[in-house]
> 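Just dropping this structure here.
Sequential numbering from 1 along the given sequence is applied to the chain's residues. Because only heavy atoms are used, hydrogens play no part in the values below, and waters and symmetry mates are left out as well, while side chains stay in.
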Amino acid sequence: MTWNLLGGGTLDGKDHTGENLKQLIEYVNEVDPDVFFVVQAYGSETAVLQGLNAGRAATDLYDSVPITVATEAKYRNLWLFTKLKVAQRYTERPEITDFHFGGAKLRLPNGKYVHAFTVWSRHEDSVFAPCATPW
């Protein structure tokens, strides 16, 4: 599962109540994915992890794994929450930065591995803008 939090769950700075992030966490807990990528984490990763793990059994906890490696919250874009063991992180690549693309090698319960990735791509216009046809 992946979700764009839109400004760390603040609806791009418009929700100062925390209600949007609270509802997101409630929904993700209902779905209960083993792998949950977040785009536009921007400092919300601690709140998300605490919300996901609240009331869970010790054998069912999520781990919090940065994909975008940055010290400042405003640059921590991609984040992974997973119940699976992380064997390796895939971050910075010569052809693309970890702000836009990355993932992890995850160990499945049967001992095999899966490679999971997420991407954040920029668009130039609003998603709500009218689509123009070139013809």
Side-chain angles (χ1 to χ4, degrees):
M1 179 177 194
T2 190
W3 200 292
N4 186 321
L5 296 184
L6 189 56
T10 66
L11 296 174
D12 212 14
K14 294 178 179 84
D15 175 28
H16 301 286
T17 67
E19 183 62 25
N20 184 61
L21 195 57
K22 179 181 166 255
Q23 289 180 18
L24 165 85
I25 292 166
E26 287 174 2
Y27 178 75
V28 174
N29 273 324
E30 282 184 36
V31 175
D32 197 28
D34 290 331
V35 177
F36 176 49
F37 279 108
V38 166
V39 178
Q40 293 192 20
Y42 302 153
S44 67
E45 49 278 350
T46 299
V48 172
L49 181 65
Q50 289 173 347
L52 291 176
N53 284 337
R56 284 188 182 273
T59 57
D60 194 38
L61 295 176
Y62 284 92
D63 192 11
S64 175
V65 182
I67 300 301
T68 301
V69 181
T71 54
E72 290 185 65
K74 67 181 180 179
Y75 297 117
R76 292 194 303 255
N77 187 24
L78 305 178
W79 210 272
L80 168 64
F81 301 93
T82 182
K83 297 178 186 181
L84 303 175
K85 180 168 174 37
V86 177
Q88 182 179 354
R89 280 185 314 145
Y90 304 118
T91 57
E92 195 78 23
R93 309 271 316 152
E95 54 280 346
I96 191 166
T97 71
D98 63 0
F99 189 82
H100 295 94
F101 179 79
K105 179 180 179 182
L106 306 171
R107 185 168 190 244
L108 298 171
N110 65 5
K112 294 184 179 186
Y113 294 91
V114 63
H115 302 271
F117 292 90
T118 190
V119 64
W120 180 82
S121 58
R122 179 166 164 60
H123 55 85
E124 291 301 316
D125 204 350
S126 168
V127 69
F128 302 107
C131 294
T133 55
W135 52 93

> Report yes or no: does Asn29 contribute a side-chain atom to a donor-acceptor pair with the main-chain N or O of Gly51 at less than 3.5 Å?
yes
> Side chain of Asn77, backbone of Phe99: donor and acceptor closer than 3.5 Å?
yes
> Name the residue from Trp120, Phe81, Phe36, Tyr27 that meets the ring pair (Phe, Tyr, Trp, His ring centres under 6.0 Å) definition with Trp3.
Tyr27
> If you define the side chain from C-beta out and look only at heavy atoms, does anything of Leu80 sit under 4.5 Å from Leu106?
yes
> Between Leu52 and Leu61, is there shared hydrophobic-cluster membership here, with clusters defined by ILVMFWY side-chain heavy atoms closer than 4.5 Å?
no
> Tell me the closest heavy-atom pair linking Ala41 and Arg76, and the distance in Å.
CB-O, 3.4 Å
> Distance check, rounded to the nearest 0.5 Å: Glu26 atom CD versus Leu21 atom CG?
10.5 Å
> Which atoms form the tightest heavy-atom contact between Ser44 and Gly8, and what is the distance?
CB-O, 3.2 Å
> Any donor and acceptor pair, going by atom type alone, linking the side chain of Glu30 with main-chain N or O of Val28 inside 3.5 Å?
no
> Can you tell me how far the CD atom of Gln40 sits from the CG atom of Leu5, to the nearest 0.5 Å?
7.5 Å
> Evaluate whether atom CZ of Phe117 has more than 12 neighbouring non-hydrogen atoms of other residues, nucleotides or ligands under 6.0 angstrom away.
yes
> Given 3.5 Å as the limit, does a donor-acceptor pair link the side chain of Asp15 with the main chain of Asn20, or not?
yes
> Same hydrophobic cluster for Tyr42 and Phe37, using side-chain heavy-atom links shorter than 4.5 Å among ILVMFWY?
yes
> Could you tell me the separation between the NE2 atom of His100 and the CD1 atom of Ile67, rounded to the nearest 0.5 Å?
15.0 Å
> In the hydrophobic clustering that connects Ile, Leu, Val, Met, Phe, Trp and Tyr at side-chain heavy-atom distances below 4.5 Å, which members other than Leu6 occupy its cluster, ordered by chain and number?
Leu11
> Can you pull out every side chain to side chain donor-acceptor pair (under 3.5 Å) where at least one residue sits in residues 61-71? Sequence neighbours excluded, please.
Ser64-Trp79
> Do Leu78 and Val69 belong to the same hydrophobic cluster, where Ile, Leu, Val, Met, Phe, Trp and Tyr are linked whenever their side-chain heavy atoms lie under 4.5 Å apart, directly or via other members?
no
> Among pairs that include at least one residue of residues 103-115, which meet side chain to side chain donor-acceptor pair (under 3.5 Å), considering only residues two or more places apart or in two chains?
Tyr90-His115
> Answer yes if Val35 and Leu49 sit in the same cluster of Ile, Leu, Val, Met, Phe, Trp and Tyr residues linked by side chain heavy atoms under 4.5 Å apart, and no otherwise.
no
> Answer whether the closest heavy-atom distance between the side chains of Leu84 and Pro109 falls below 4.5 Å.
yes
> Show, in sequence, the C-alpha distance, side-chain angles and deciding distance for Gln50 and Ile25, and conclude whether the side-chain contact (heavy atoms from CB on, under 4.5 Å) test is met.
CA-CA 9 Å; Gln50 289 173 347; Ile25 292 166; over 6 Å; no
